[in-house]
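A, B, ... follow the sequence lines: proteins, then strands. Residue 1 opens every chain.
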Amino acid sequence: MKKVFVISILKWILLFFILFFFLFPIYWLVITAFKPSQDWFSWPPIIIPRQLTFENFTGQSRGFEGSLSSSIENIVPYLRNSLIIALITSAICTIISSLAAYSIARFKTGGRRLASWIVSIRMLPPIATVLPVYLLFKNLRILDTWLAVILVHLVFTIPFSTWVLISFFNGIPKELDEAAYIDGASVWKTFIYLIFPLSAPGVAAMATLSFIMSWGEFLIALILTSSVKSQTLPIFLGRYITGFRIAWGPLAAAGLVIMIPVIIFSFAMQRYLLRGLTFGAVKY
Amino acid sequence: MRRRKFLILGILPAIFLMTFLFVLPSLWGIYSSFTNMALLGKEAANFRFLGLENYIKLFKDSSFYTSFVNTIYFVVGSALIGQFLLGLIIALLIDYAEKKKIPGRGIVYGIVLLAWINPTLIAGFQWSAMYDYYYGTLNKFLNLLGIQKINWLGTMPMLSVIVANIWRGTAFTMLIWLSALKTVPLELYEASKIDGANAFNRFRYITVPILRDIITVNLIQITMATMGAFLLIWAITSGGPGLKTTTLSLFAYRTAFEAYRLGYGSAIAVIMLIINLVFGIIYIRLFRRR
């Protein structure tokens, strides 16, 4: 009995420690977003805020020395760019990778090798491919556009989604397709009305993961974009960080703005996300 | 037959995209690793094919060795020991709580996920602020406990960066494990309980064999992500002090985009590809169907 008690105490301590470890930086980010500028840097650090303000979001009367901007009032166009890029990436990625995965799963297109090739293809770090892609886009005159960023983000999301969806489609009995064909349905109809809905969880899960990936991506967006026309939120953050000091208030406020759409997206998809990953990624 | 043809065509968009935006650029990148390609300086003007010269130079470069060793520490410490084990533990805890209907599991899930979607740039600067010797929150906590201040980034920079990366990246593994655990049929556990297997043995002989495919892909994915991690380290330490936290991905970035030596930078990236492949082969061997 005593042993059971000790183990359960240990479990609670472990849980508490994990929670604290993960929660504290987030808590800090949230309170900093509402702190007035004199509280951003202080010793001892202010853990329980004394005074809350919306200045970091809406702009403040006095400027803040050493940074380009003292609030996130200019975030809207970047938010627009990010939303468009992440949503389109997510949508196109699911379409292209489910088509590819279905083709590989049903017709063994390219054989087993193609499937493992798809996974291993991403092992070359992006740094080696970023420059040729930059030059290519420069010649195509699509630098600093949504299209450029979307295209490269697709390259990063498609392999993983395809791989997961292949095993997902393998889980749907072939007889179902056959039955639809015998009933006279075309390939498209079978795919859209039968296969797609049946695999909705997997597709939703991949949509979520590619949305999150595209939303947070930094290096590609940094190199391919150069103006407010197409720069995404992670690039927008750079303006609060100068060699001199970091404008913590607006940086944290922008962080909140960046996190909220992802939270909404993943909670909307949560039910599917768990079930989808399950189905797709596991084969017996 | 028309159906068949039609669906084989379905793979074309993916092939097309990957070929033009990944395979060809990669080949170009690999080719450039055999040249003296540069963006600036006298080398930029006279482009030459060097053969293996970059690689020979690389193996004689002491910073390459340092960053190679750092990369292995970073990947093993933060991806394998950290994200993978911690993600597994959290997933098991949540799964346990779900089976016993203990409330609060959604909160754990949400909190770990928040750390993942927090922009990496912010996460990096946050951790660097927390580690700060004079003004850091971490030292403030030590102070409250009556412990001497610790110069985190000075005395244990690699460990500090590893902890920050564990914080940032654990959610992915947790998410995958959490959903994977649900696919193991409960009857299998019940049967082995009757046979007298303890929790560890149930995990080792039932859960792991069933989930080996997903374990492999999860390991490959987090290893690749950690190998390529650049922004987080750059924000916390910029690879310093000295070269103590410079991993190959920082080293490659420095070489290619700060020193503008593209050929040499690409050679580093090719080495990273080889390391990734080695890790991948190890995982596949380890969890192969027997």
Comparing A:Leu29, A:Val130, A:Val152, A:Leu19 against chain B, the one with the most heavy-atom pairs below 4.5 Å turns out to be A:Leu29
Cut-off 4.5 Å, heavy atoms of chain B, and the answer for A:Ile263 is both
Roughly how far, to the nearest 0.5 Å, is OG of A:Ser98 from CD1 of A:Ile192? 10.0 Å
Where on B:Leu17 is there a heavy atom nearer than 4.5 Å to chain A: the side chain, the backbone, both, or neither? both
Side-chain heavy atoms of A:Phe265 within contact of A:Thr208, under 4.5 Å: yes
At a 4.5 Å cut-off on heavy atoms, which part of B:Ile117 comes close to chain A: side chain, backbone, both, or neither? both
Contacting moiety of B:Leu86, where chain A heavy atoms sit under 4.5 Å: side chain
What part of A:Leu251 lies closer than 4.5 angstrom to a heavy atom of chain B: side chain, backbone, both or neither? both
Looking at B:Trp28, I want to see if its CH2 is surrounded by more than 12 non-hydrogen atoms of other residues, nucleotides or ligands under 6.0 Å. yes
Check each atom of A:Leu135 against the heavy atoms of chain B and say whether the ones under 4.5 Å are side chain, backbone, both or neither. side chain
Top contributor to chain B interface from A:Val133, A:Ile26, A:Val262 [non-hydrogen pairs under 4.5 Å]: A:Ile26
Can you tell me which portion of A:Ile212 sits under 4.5 Å from chain B's heavy atoms? Options are side chain, backbone, both or neither. side chain
Are B:Ser266 and B:Ser32 close enough that some pair of their side-chain heavy atoms sits under 4.5 Å apart? yes
Is B:Ala256 in contact with chain A via its backbone, its side chain, both, or neither, using a 4.5 Å heavy-atom distance? neither
Would you say the rings of A:Phe156 and A:Phe160 are close, in the sense that their centroids are separated by under 6.0 Å? no
Can you tell which part of B:Leu27 gets under 4.5 Å to a heavy atom of chain A, answering side chain, backbone, both or neither? neither
Set of side-chain hydrogen bond (donor to acceptor under 3.5 Å, both in side chains) partners for B:Thr71, sequence neighbours left out: none
Using non-hydrogen atoms and a 4.5 Å limit, figure out which bit of A:Pro234 sits close to chain B: side chain, backbone, both or neither. backbone
With only heavy atoms counted, which part of B:Ile90 is less than 4.5 Å from chain A, the side chain, the backbone, both or neither? side chain
A:Trp28 and B:Trp127: aromatic ring centres closer than 6.0 Å? no
Name the region of A:Ile18, side chain, backbone, both or neither, that has any atom closer than 4.5 Å to a heavy atom of chain B. side chain
Taking side chain as everything from C-beta outward and backbone as N, CA, C, O, which of these in B:Thr170 sits under 4.5 Å from a heavy atom of chain A? Side chain, backbone, both or neither. side chain
When A:Pro25, A:Ala100, A:Ser97 are compared by non-hydrogen pairs under 4.5 Å with chain B, the top option: A:Pro25
Smallest heavy-atom separation, B:Ala164 atom then B:Tyr131 atom, equals N-OH, 4.0 Å
Any donor and acceptor pair, going by atom type alone, linking the side chain of B:Trp167 with main-chain N or O of B:Ala115 inside 3.5 Å? no
What part of B:Leu231 is in contact with chain A, defined as an atom under 4.5 angstrom from a non-hydrogen atom: side chain, backbone, both or neither? side chain
I'd like to check B:Thr247 versus B:Ser67 (side-chain heavy atoms, cut-off strictly below 4.5 Å). Are they in contact? no
Interface moiety of A:Leu237 toward chain B, non-hydrogen atoms closer than 4.5 Å: both
Contact part of A:Phe21 toward chain B, heavy-atom cut-off under 4.5 Å: side chain, backbone, both or neither? both
Check: A:Thr129 side chain, B:Ser26 main-chain N or O, donor-acceptor pair, under 3.5 Å: no
Can you tell me if B:Gln221 uses its side chain to pair, donor with acceptor, with the backbone of B:Ala225 under 3.5 Å? no
Between B:Ile275 and chain A, which part of the residue has a heavy atom less than 4.5 Å away: side chain, backbone, both or neither? neither
Taking the six-membered ring for Trp and the single ring otherwise, decide whether the centroids of B:Phe20 and B:Phe16 are under 6.0 Å apart. yes
Choice from B:Gly228, B:Pro119, B:Pro13 maximising heavy atom contacts with chain A below 4.5 Å: B:Pro119
So what's closer than 4.5 Å to chain B heavy atoms on A:Phe137: side chain, backbone, both or neither? side chain
